[in-house]
Student: 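Just dropping this structure here.
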Amino acid sequence: MATMESLIVTVNRIQRACTVLGDHGGDTNLPTLWEALPSVVVVGGQSSGKSSVLESIVGRDFLPRGSGIVTRRPLVLQLHKTERGLQEYGEFLHLPKKKFTDFSMVRKEIQDETDRMTGKSKQISPVPIHLSIYSPNVVNLTLIDLPGLTKVAVEGQPESIVQDIEIMVRSYVEKPNCIILAITPANQDIATSDAMKLSREVDPTGERTFGVLTKLDLMDKGTNAIDVLEGRAYPLQHPWVGIVNRSQADIKKNVDMIASRRKEREFFASSPDYGHLASKMGSEYLAKVLSKHLKSVIRARLPAITSLINKSIEELEAELSHLGRSVAVDAGAQLYTILELCRAFDRIFKEHLDGGRPGGDRIYGVFDHQLPAALRKLPFDRHLSLQNVRKVVSEADGYQPHLIAPEQGYRRLIDGALNYFRGPAEASVDAVHFLLKELVRRSIAETQELKRFPTLQAEIAAAASEALERFREESKKTTLRMVDMESSYLTVDFFRKLPQEVEKGGNPTSSSADRYAESHFRKIGSNVYSYVGMVSDTLRNTIPKAVVYCQVREAKQSLLDHFYIQLGKKEGKQLAQLLDEDPALMERRQQCVKRLELYKSARDEIDSVLWAR
């Protein structure tokens with residue numbers, strides 16, 4: 001069964017993975033999960049001994065040192081306890097798989113990585129450095145070291161540095177699952193401690209705060225910190241822990257931390273002031289008490305943490321389903337995938353045409369509104385004006401006036417009028433073509449599965465556009481042919497049914513003078529207008545039929561047929577290029593898979609601890 005110790009390791013892994021995977025914000029519940037995991041944040045003023053406390057807990061000299069502000073970026077320090085006999089090493093998140101066994105190089109890398117972000121100035125950055133240390137001499141623990149609180153800006157720092165550091169520190173310690181390690185030098189008045197002041201503001205009950213007194217060996221002779229350490233001067237819910245920092249002489253002599261721990265134990269054991277507290281003092285005790293408290297906090301938070309992990313797993317699985325599975329490498333499987341994607345697009349396109357989705361109704365609008373309006377606007381009044389009728393009929397007669405009815409004049413007038421129908425016919429074809437192209441564009445955008453493959457999207461769009469262009473050309477030929485057919489053979493019965501002018505003697509004749517009278521030409525214009533009106537009614541019904549047959553029907557039945565033929569000729573490499581995903585989506589899927597694996601592993605391990613209880 002897994003132990004609470006292994007659970008701390010799991011929590012450490014989750015925190016580390018959240019950082020690796022960028023779970024610092026904007027990602028559904030994953031940032032909430034990070035906040036739900038307890039962590040220990042080290043807070044103190046500059047030169048309060050924070051670095052010495054951390055090094056004492058780790059048992060290694062690895063942090064940059066100097067005067068003024070040394071810690072200029074948060075340091076997330078994860079301690080991993082290993083088996084006895086294994087070599088100690090450090091590993092940075094920004095340098096994965098590179099093991100630092102020389103801890104002086106760890107110090108150098110912290111300094112260099114800080115400078116890479118802030119330059120060699122005294123600026124600060126909220127972007128954390130992540131360091132894991134694997135050693136048999138540590139306890140499983142995550143500590144976050146922050147820049148030291150300060151009251152004034154020094155040369156080379158902006159005036160806002162005081163406020164900037166406090167805002168950064170507050171962003172960590174205000175979280176309800178943060179355990180505050182408040183560092184205060186013993187040779188400083190506790191009432192003026194920056195760390196205790198801030199801790200009291202964010203944790204007024206002291207439930208989350210551990211007080212640490214450093215530099216006990218540097219207090220003025222004849223004074224001690226018993227009142228603080230025993231909780232009388234500044235009571236907290238958790239006992240105070242005293243620390244003896246390494247002296248500057250020991251640091252210069254490179255006295256190792258094991259020897260320093262031994263000196264620290266001897267100091268408390270032999271001290272007349274602190275001897276009775278020796279078992280509860282020192283860096284080793286501090287590490288153990290923090291680890292023990294962390295276990296209890298995790299145990300109390302287990303149900304909430306498990307709930308958040310389960311919810312995150314559900315969201316990740318839903319997102320992976322939305323993103324789609326990884327592309328197969330086999331050519332046959334790739335072809336099948338492409339055909340499935342094309343069918344998904346085609347299905348949505350047909351839904352738009354058939355009314356399942358909006359857009360198809362606009363095609364009907366072309367036939368019901370646009371075409372009739374265009375027909376009504378044709379300039380027949382000008383073409384069949386008295387002046388134009390007289391001119392056309394006279395020119396058609398030539399030197400030999402017509403004897404009975406001006407048949408050639410009629411034909412010329414009708415041909416000229418019917419020629420006007422070509423415009424509305426072509427306009428209807430173009431309008432439907434535009435709408436079909438828009439429906440293709442919309443259908444591609446609405447095909448969720450296609451969003452993964454921008455190259456295939458472009459190929460389908462190009463193939464559909466090419467097909468629609470062919471359909472438009474065929475539709476234009478058909479509709480214009482219908483107009484031409486009306487001109488090529490006139491409906492004779494229409495003219496036979498026209499009333500004849502009958503003289504009193506019964507002969508349907510008229511004098512030569514009457515044939516050139518104004519009323520005669522008006523009659524001709526009226527007859528032609530009636531015939532053109534009959535043709536207009538016919539074309540109003542037949543043009544939509546031709547357009548639907550040649551464009552809409554073909555688009556529904558064979559929009560991608562040519563594309564399918566071309567697909568069958570492509571080789572595996574060409575198919576793979578069509579399924580070249582958007583790199584951002586590929587990265588997103590990989591991140592989701594990694595998160596999902598992590599959270600499922602964490603859930604299983606947490607569940608085993610819950611069962612063990």
Student: Side-chain donor-acceptor contacts of residues 51-60 below 3.5 Å, not counting sequence neighbours, with atom names and distances?
Tutor:
from  : atom 1 : to     : atom 2 : distance (Å)
Glu55 : OE1    : Arg65  : NH2    : 2.4
Glu55 : OE1    : Arg246 : NH2    : 3.4
Glu55 : OE2    : Phe62  : N      : 3.0
Glu55 : OE2    : Leu63  : N      : 2.9
Ser56 : OG     : Ser52  : O      : 2.8
Arg60 : NE     : Glu88  : OE1    : 3.2
Arg60 : NH2    : Glu88  : OE1    : 2.9

Student: So, applying side-chain contact (heavy atoms from CB on, under 4.5 Å) with Leu79, which one of Thr142, Leu131, Leu143 is it?
Tutor: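 Going through the options one by one, the only one that passes is Leu143.
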Student: Do you see a donor-acceptor pair shorter than 3.5 Å between the side chains of Arg72 and Thr114?
Tutor: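 There is no such pair between these side chains.
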Student: Which pair of non-hydrogen atoms, one from Cys178 and one from Val173, has the smallest distance, and what is that distance?
Tutor: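 Taking every non-hydrogen atom into account, SG-CA, 3.7 Å.
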Student: Ring centres of Tyr89 and Phe100 under 6.0 Å apart?
Tutor: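 Aromatic pair excluded; centres sit 6.0 Å or further apart.
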Student: Between the side chains of Glu91 and Lys97, is the shortest nitrogen-to-carboxylate-oxygen separation below 4.0 Å, so that they form an ion pair?
Tutor: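 Glu91 and Lys97: not salt-bridged.
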Student: Return each pair, listed once, that meets salt bridge (Lys or Arg N to Asp or Glu O under 4.0 Å) where at least one residue sits in residues 123-139; pairs must be two or more places apart or across chains.
Tutor: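 Non-adjacent pairs meeting salt bridge (Lys or Arg N to Asp or Glu O under 4.0 Å): zero.
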Student: Determine whether His130 and His94 satisfy the following criterion, ring pair (Phe, Tyr, Trp, His ring centres under 6.0 Å), listing intermediate values before the conclusion.
Tutor: CA-CA 8 Å; His130 291 262; His94 63 274; 9.4 Å; no
Student: Could you tell me whether the side chains of Asn137 and Arg261 share a donor-acceptor contact shorter than 3.5 Å?
Tutor: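 Judged by distance alone, the side chains do not pair up.
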Student: Could you tell me whether the side chain of Ser48 and the main chain of Gly45 form a donor-acceptor pair under 3.5 Å?
Tutor: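 Yes, because the side chain of Ser48 sits within donor-acceptor range (under 3.5 Å) of the backbone of Gly45.
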Student: Among pairs that include at least one residue of residues 198-207, which meet salt bridge (Lys or Arg N to Asp or Glu O under 4.0 Å), considering only residues two or more places apart or in two chains?
Tutor: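 Sorted pair list: Arg170-Glu201, Lys197-Glu201.
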Student: Would you please say whether a donor-acceptor pair under 3.5 Å links the side chains of Asp102 and Ser104?
Tutor: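 On atom types as modelled, these side chains qualify, holding a pair under 3.5 Å.
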Student: Are the charged groups of Lys108 and Asp112 less than 4.0 angstrom apart, N to O?
Tutor: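 Yes, Lys108 and Asp112 are salt-bridged.
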Student: Under the salt bridge (Lys or Arg N to Asp or Glu O under 4.0 Å) rule, collect the residues that match up with Glu597, sequence neighbours excluded.
Tutor: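 So Glu597 forms no salt bridge (Lys or Arg N to Asp or Glu O under 4.0 Å) with any residue.
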Student: Counting only heavy atoms not in Gln163, do more than 12 sit closer than 6.0 Å to its CD atom?
Tutor: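 Count not over threshold, so no.
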Student: Which residue in the set Met117, Glu109, Glu113 passes side-chain contact (heavy atoms from CB on, under 4.5 Å) when paired with Ile129?
Tutor: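 With Ile129 as partner, Met117, Glu109, Glu113 yield a single side-chain contact (heavy atoms from CB on, under 4.5 Å), made by Glu113.
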Student: Can Arg589 and Glu319 be counted as an ion pair, charged N to O under 4.0 angstrom?
Tutor: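 Not counted as a salt bridge, because no side-chain N and carboxylate O are separated by less than 4.0 Å.
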Student: Give the minimum heavy-atom separation between Ala300 and Pro303, together with the two atoms involved.
Tutor: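 Closest approach of Ala300 to Pro303, heavy atoms only: O-CD, 3.7 Å.
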Student: For residues 123-147, which residue pairs pass the salt bridge (Lys or Arg N to Asp or Glu O under 4.0 Å) check, not counting sequence neighbours?
Tutor: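 Pairs touching residues 123-147 that pass the test: Lys50-Asp145.
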Student: Please enumerate all residues that pass side chain to side chain donor-acceptor pair (under 3.5 Å) together with His276, with sequence neighbours excluded.
Tutor: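 With neighbours one apart ignored, the set is Glu230.
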